[in-house]
*Asks:* 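This is the structure I want to talk about, given as structure tokens.
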2 protein chains.
Amino acid sequence: MTQRPKVTIKDVARAAGCGVATASRVLNASGPASPDVRERVQNAARELGFSFSSRGRALQSSRSMTIGCLVPSLANPVFAEAVQGAQEALAGTGYQLLISSSNYEADADSDAISTLVEKEVDGLIVTMVAPARSSALGLARERGIPVSLMFHDPIDGLPTAHVDNFVAAREVARRFAELGHWQTAFLALRFASSDRSRNRYAGFHAECRARGLPDPTLIELSEAEANTPELLAGILGSLNGVTAIFASNDFLAIGVQSAARLMGRCVPRDLSVVGFDGIEIGRLLEVPLTTIETTPEAMGRQAAQSLLDLMQGEAPVQHPPLPFTFRAGATLARPGAENRDDDQVAPWPPSVPSLKTDLKQG
Amino acid sequence: MTQRPKVTIKDVARAAGCGVATASRVLNASGPASPDVRERVQNAARELGFSFSSRGRALQSSRSMTIGCLVPSLANPVFAEAVQGAQEALAGTGYQLLISSSNYEADADSDAISTLVEKEVDGLIVTMVAPARSSALGLARERGIPVSLMFHDPIDGLPTAHVDNFVAAREVARRFAELGHWQTAFLALRFASSDRSRNRYAGFHAECRARGLPDPTLIELSEAEANTPELLAGILGSLNGVTAIFASNDFLAIGVQSAARLMGRCVPRDLSVVGFDGIEIGRLLEVPLTTIETTPEAMGRQAAQSLLDLMQGEAPVQHPPLPFTFRAGATLARPGAENRDDDQVAPWPPSVPSLKTDLKQG
DNA sequence: ACGCTCAATGGAAACGTTTCCACGCTCTTC
DNA sequence: GAAGAGCGTGGAAACGTTTCCATTGAGCGT
């Protein structure tokens, strides 16, 4: 409780009977010093309980040893794990993570970037709504702050740690098709603000097309719909003829399972469901979730490592996408024969044809 | 990309043809200034793209506008949500969160605290292995750094945002007893390093005693056992006569469900399970999890608010525990009649009697 | 013995800000 | 008309470090 005034390097120097320059050299092992004075300085520092002020250091060295990290929300375990991964990669390097979250709002994440830049972080690890269009991010880059992305597709000079959503989604379409599913749907939560979700839809859509399947129905859910099985059941009920659903994340997929149960439809006999992300819990369900398994922690680690490289002055290098695996689970099966009969909705209209411009080029 | 040199307040002052003091006053609206010079300074600042250096500011004001936050791991959604809550409470105050995680290791969290203190954070929000015994935390307090805790029980002068684990666990015992359960077990994951888990066991144990039930069997799982349904099933198989299990968190409880399924035992008919935390996913399971629902986000928010108050110089005030609710779910029922018969294990020995010293005083 | 080299050392500037203080000016007031 | 009040202003110190540079003294070769 004794609010003793902060002990500075001057105090140490005085106690050791030498100049501050010498004290600094000794404590940093950054220059010559006689054994004698070295000893005195170290003793003094120990006795006074000296520790460097990173404020003074930051000012003088113009490095804050701090990295800004922006994600949509830590309440989403995918991002939380990524941050954890970044954090682990940074442990031992002396860098600390300054975090910020945007709640999936484009304005908020611009503000957040600006704030982090004003805090003079030495680098940025970012997942945001629209990194390519963010002027705040552009400003940061102009100021020479190294930036690495997570979860996004590569953008010009910005290394990104990502999984290939487009390709992964095509894999899902392939599995659906091979089992004989015909009419499918894609469930999205924040389609407008998530390029991940859009890329997944794009890949899914592309592969369906390529195989001559009708375009998948795109369904954008509100938060309320996603979290309320009853509402979700209502929506699923309106999908006549759809035998397989690709949910843009595992939570949604699990929600679909429970909604289906509510409707008295059996997964996977009456309805197949595939998720995305591969969260742990999906494996433990009574009917384990079929999903694309990704490694958010590895993504965070890679993003942090790329950033470290960048900060070392290396040229930006884009790593290949991180691997994903198709986790078989038990929510995917051939469509039940009875569903084929009431298949009267003939030419399924493409749901979001204008989306093409945003699509990833495979 | 133009690595233009940082523009400082001196540049602004020069451009506006005034002294730095005046420029500072104008830009901070912290003192008098004529409309004329105010105008000139603001224009200059805008044109030069000036923004304050928080380094210089921090050094001068001896406030870093940064708060250190230590949690065991962001991969645990309970902590991630708490951090998110803290973050939200801090949004708009100008404070940023510097995060660190210890991976549930006592040494790591001492190191982390030291690092955060050296970074000269203005305050600390902490969940650690043993806050009462941590010398690093003591050091931080000696230096006059305000500290608030999350998830822990109150300790002398430290405000903590918490839920009353002891009382909540007694509630679980009460429910078990009322339904006629006799032999119960408590499943813990990191018993040694989690006072939360110990308090839950203590409350559970105390209420069982108070009702004349045999002491619950305490089972400490390894990470591997917790995450592998097969191993978990083996352990459950050895629990003769136990009809109800209280798991120290929801993940464990869900694991028990799937292990039980593996063993051909039906939840809740053959085995009742109750979890703790109230994670969202538990609600969406085919058999919704019965659990104690807590509000980690609110905990984070409260911890942040307490810290803000502390930093304003207010005396530490301990808020009452945050509310929890018993979420009914569907994994708890009367014990099946058949289990009562093979009830031959007579006097159940108290499993961890020496634990008493750690118990919370109700 | 003298000058040279080189290691050890400390003073002082610099980093970018805020704030104290003193100075000068204008406007009021007796 | 002079004194005082009060506002606007800028110089300079301070925050804690690192680093440049000059100074000192010892050791060494001739």
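This is a predicted model, so every value here is computed, not measured.
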*Asks:* Rounded to whole Å, please give me the gap between CD in A:Glu120 and P in C:dC15.
*Replies:* 14 Å
*Asks:* Using atom NZ of A:Lys10 as one end and atom C1' of D:dG16 as the other, report the distance to the nearest whole Å.
*Replies:*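 Checked: the NZ to C1' distance equals 7 Å.
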*Asks:* Whole angstroms only, please: what is the CG-P distance between B:Asp36 and D:dC7?
*Replies:*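 From B:Asp36 CG to D:dC7 P: 19 Å.
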*Asks:* Side chain of B:Ser24: nearest nucleotide among D:dT9, C:dG16, C:dT18?
*Replies:* C:dT18
*Asks:* Where is the tightest heavy-atom contact between A:Leu137 and A:Ile113, given as atom of each residue plus distance?
*Replies:*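 Smallest heavy-atom distance, with atoms named: CD1-CD1, 3.8 Å.
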*Asks:* Which is true for B:Gly56 with a 4.0 Å heavy-atom rule: it touches a base, it touches only sugar-phosphate, or it touches nothing?
*Replies:* base
*Asks:* Taking only the side-chain heavy atoms of A:Pro32 (C-beta and beyond), determine which of D:dT9, C:dT17, C:dT9 contains the nearest atom.
*Replies:*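 Closest nucleotide to the A:Pro32 side chain: C:dT9.
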*Asks:* Do B:Asp109 side-chain atoms and B:Tyr104 backbone N/O form a donor-acceptor pair below 3.5 Å?
*Replies:*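 Looks like no, no N/O pair under 3.5 Å.
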*Asks:* Run the numbers on B:Glu47 and B:Asn43 for side chain to side chain donor-acceptor pair (under 3.5 Å), then give the verdict.
*Replies:* CA-CA 6 Å; B:Glu47 279 163 25; B:Asn43 284 341; 5.4 Å; no
*Asks:* Of the listed nucleotides (D:dT9, D:dG10, D:dG16), which one gets closest to any side-chain atom of B:Cys18?
*Replies:* D:dG10
*Asks:* Send over the distance from B:Arg57 CZ to D:dT17 P, rounded to a whole Å.
*Replies:* 22 Å
*Asks:* Any donor-acceptor pair under 3.5 Å linking the side chain of B:His152 with the backbone of B:Ala161?
*Replies:* no
*Asks:* Across nucleotides 20-28 of chain C, 5' to 3', mark each nucleotide with B, S or - according to how protein heavy atoms within less than 4.0 Å reach it.
*Replies:* B--------
*Asks:* Go through the steps to decide whether B:His162 and B:Asp153 satisfy the test side chain to side chain donor-acceptor pair (under 3.5 Å), and finish with yes or no.
*Replies:* CA-CA 7 Å; B:His162 70 302; B:Asp153 282 351; 4.6 Å; no
*Asks:* Mapping B:Pro35 and B:Leu59 to their closest nucleotides on DNA chain D, which lands nearer the 5' end?
*Replies:*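 In this pair, the answer is B:Pro35.
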*Asks:* Check every atom of C:dT18, D:dG8, C:dT9 against the side chain of A:Thr22 and return the nucleotide holding the closest atom.
*Replies:* C:dT9
*Asks:* Taking for each residue the nucleotide of DNA chain D bearing the nearest heavy atom, is the 5' side occupied by A:Arg55 or by B:Arg38?
*Replies:* B:Arg38
*Asks:* With the side chain of B:Gln60 defined as its heavy atoms from C-beta on, choose the nearest nucleotide among D:dC15, D:dG8, D:dG10.
*Replies:* D:dC15
